[in-house]
Amino acid sequence: MTHSHRIANVLTVWAVLFSLGATGVMDAAQSAPADPMRAIPADTLFCLRINKITTTLSQVDQFLTGVSPMGLTMPVRSQLAGLLGQPEPAGVNMAGDLAAFWPLPGGEKPDPQRVGVLVPLSDFAQLLTNPNVTKPDAQGVVTIGPEDQRVLAGVQIGNYLLVTRIADRQALTEAKNWTPGTGAASLAQRLSPDELKRATSSPVWAYANLQVANKMFGPQLQQKIKEAQKSLQQMQPPGQSMPFQPQSIMDTYTAMLNSLLQETQFASVSLEPSATALRLASVVAAVPNTEMAKTLSLDSSQQPQPNLFGYLDNGAIANAVIALNPARFKSLMLGYADLLTAFMGTTVSKEDIARIRQFMTDSTDALAGSLAFSMSANPKSKPPFELKYVAPLKDRQKFNQLLEQASKLMTEDAIAEFYKKMDIQMRFDIQRNVETYKNVPIDSIRFTLQPAEGGKADPQMQMQMQMMAMMLGEGFDIRQATVNNLLVYTLAAEPQKAIHTLIDQAQAGGPTQIASEVQAALNLLPEARKSEFFGTYNFLRVMQFGMAVLPLPMPPMDLSSRSGGIAFAGDIGAGKLLTNVAIPKQHVQEIMGTIMKLQQMMGQQKPGGPSPGQPNRL
């Protein structure tokens, strides 16, 4: 094994433990940290913490059983044994809490290559009995690894050994400048009480300080953005105009990215593995008094209507129930309007921009803020998917007016003009009262995109339009109706049957039962019923949809899924976005099994691959 490979493997040991994802030794009289967060600088860019190492590794092993042929506990112990020189890691507290952080302070400026790992100790003297651990030098630094390849260095910090690459050992001798007892602030002091509780109680916790990231990498990122903008300008042929403005689009996304970096304080993820599921909880916190903080702190958020959960389907690619704060909903719609007009570039006038923004604002006034959504794959139909929306209306008359305005925008006004410049004709035809079912009028909407008559579309654009027609069909046939101020909307292979079912359910006050896959997702996330948003997402069904849409030369294969997929839910408030995710082991097993089948098929199709009667060794 080469020296560089050994360094990588050795760092993995202490960070295995993190793959889940002063000179002199400090004496006991100095404030020895009982918790690693108190030995980590407040301005750390990234921190990864693993609590109760042995217990957490065991939990990960339980989740990986049936998913991976090997867990984590055995590789970790094997790596530690090779690193320390004996089977049992003497002096290391495997029941304690480990923390890795980046960058390790020291030197004239932060160095992104320096990583520090705080390894819990049961007894420093016992640690020195490991064959591959040297005695402390004059600065209290020990080196770790086989005699001819010392790759790590460490120094005692209270109940922990601060470990880093041997090349960065100088940083260890500077530890007295930022460790507890010197007046330097620690990460434990920087975190809020709620976040500190997550860090100390979750099996695995990861944290990133976006303000520090912006300081460290912001200038390089801005330089890359400028280079990308210059490349976009060079892509445009001299003297030719483009229907959309790449520069305008890039400027808009750059502004969004800058706002994200400048206004996000931190992001964290907590992970809890179990035998049946992997649960994650994420927090994104805004910098106080910024626009982002104001948006994430709007009051009067409303919970989804309970009966909306019943409209979600089994077998869906994705399901969602959303209850948006009206002011936040309006902010999101205006943000979408800004993206849309940026994409349209110089083809849209100031008057058109004002109309589009007013349309988005009026939309928020017409809808009550709640929404249920379900999307399913249907490979045998054109288009190869089905959609269903259910949304309470605040103002039914205004909604109908907005529908007419949407048709005009897309067929006569700004959006239509934008597509005409690409020689594409958009149709958005509304037919009112195409039928009546149980005294409920039903509207029909036909949406199509096709080459403009007499146009001279670019050959590549014509080819793309033909491919869209092959994948999605000639257009979208939509049915919608309103039942007691509840909008029901469907795009399906049999739209009449689908809309009749929705009307029956709405007239009955909503479905009486929740689909079994949705109920299973709610069981994984018990607080989801009270959350502002909830949903499911199934990767196998996404693959099924993708294979139906993209004409890939793939042999037929079973992509059915017996699980509802990933469940997620979340809330917004007090300047934070909180999201909970549950990944069932069953769904991971389905995905892994499908990937293995695909690998086998691809191996058999390659020249020289195994014949049908021979095994395919991966």
Side-chain angles (χ1 to χ4, degrees), residues 191-202 204-208 210 259-260 263-272 277-312 318-336 364 367-374 390-392 394 514 518-537 564-584:
L191 299 176
S192 67
D194 287 344
E195 196 59 40
L196 189 58
K197 182 179 179 180
R198 291 187 190 94
T200 55
S201 62
S202 304
V204 180
W205 175 84
Y207 162 92
L210 273 294
S259 295
L260 182 69
E263 299 188 11
T264 305
Q265 189 173 39
F266 72 86
S268 72
V269 176
S270 306
L271 183 150
E272 182 183 353
L278 187 66
R279 291 178 176 81
L280 300 95
S282 69
V283 179
V284 177
V287 175
N289 303 318
T290 60
E291 287 301 318
M292 180 179 177
K294 294 175 184 177
T295 301
L296 297 180
S297 300
L298 293 170
D299 296 327
S300 304
S301 61
Q302 56 190 43
Q303 294 183 2
Q305 295 186 12
N307 61 353
L308 288 183
F309 288 97
Y311 289 100
L312 306 183
N319 283 311
V321 172
I322 304 171
L324 281 174
N325 167 286
R328 190 178 298 121
F329 185 25
K330 184 175 294 186
S331 176
L332 289 174
M333 293 297 284
L334 290 176
Y336 174 72
T364 63
L367 298 172
S370 294
L371 169 72
F373 159 83
S374 189
V390 178
K394 188 189 306 181
I514 294 177
V518 177
Q519 186 59 61
L522 289 169
N523 292 341
L524 286 171
L525 300 173
E527 298 299 317
R529 287 180 179 272
K530 301 177 183 179
S531 299
E532 287 191 48
F533 59 89
F534 161 81
T536 64
Y537 186 84
I566 297 170
F568 61 89
D571 291 286
I572 302 172
K576 295 178 180 178
L577 167 64
L578 297 92
T579 306
N580 293 294
V581 178
I583 306 174

Looking only at heavy atoms, which two atoms of [X] and [Y] are closest? And how far apart?
X: Ala582; Y: Leu524; result: CB-CB, 3.8 Å
X: Ser531; Y: Gly570; result: CB-O, 3.3 Å
X: Ala528; Y: Leu522; result: CB-CD2, 3.8 Å
X: Ala567; Y: Ala521; result: CB-CB, 3.6 Å
X: Ile572; Y: Glu532; result: O-OE2, 2.8 Å
X: Leu210; Y: Thr264; result: CB-O, 3.3 Å

* To do: Could you go through the side-chain contact (heavy atoms from CB on, under 4.5 Å) check for Thr579 and Phe533 one step at a time?
  => CA-CA 9 Å; Thr579 306; Phe533 59 89; 4.0 Å; yes
Between [atom1] on residue [X] and [atom2] on residue [Y], distance to nearest 0.5 Å:
X: Phe534; Y: Leu308; atom1: CZ; atom2: CG; result: 12.5 Å
X: Ser201; Y: Leu196; atom1: OG; atom2: CG; result: 9.0 Å
X: Leu371; Y: Tyr311; atom1: CG; atom2: OH; result: 12.5 Å
X: Ser282; Y: Leu578; atom1: OG; atom2: CG; result: 7.5 Å

* **Polar side-chain atom of Thr200 near backbone of Lys197 as donor-acceptor pair, under 3.5 Å** => yes
* **Within-4.5 Å side-chain heavy-atom neighbours: Leu332 and Thr364** => no
* Hey, are the side chains of Asn580 and Glu527 touching, using non-hydrogen atoms and a 4.5 Å cut-off? -> no
* Are Leu312 and Ile514 close enough, and set up right, to give a side-chain contact (heavy atoms from CB on, under 4.5 Å), and what steps lead you there? -> CA-CA 7 Å; Leu312 306 183; Ile514 294 177; over 6 Å; no
* Asked: Are the aromatic rings of Phe266 and Tyr207 close, with centres under 6.0 Å apart?
  -> yes
* Could you check Val284 against Met292 for side-chain contact (heavy atoms from CB on, under 4.5 Å), going step by step and ending with a plain yes or no? => CA-CA 11 Å; Val284 177; Met292 180 179 177; 3.9 Å; yes
* Using distance alone, with no hydrogens and no angle criterion, decide if Glu195 and Ser268 have a side-chain donor and acceptor under 3.5 Å apart. => yes
* Ser192/Lys576 under side-chain contact (heavy atoms from CB on, under 4.5 Å): CA gap, chis, key distance, verdict -> CA-CA 12 Å; Ser192 67; Lys576 295 178 180 178; 3.9 Å; yes
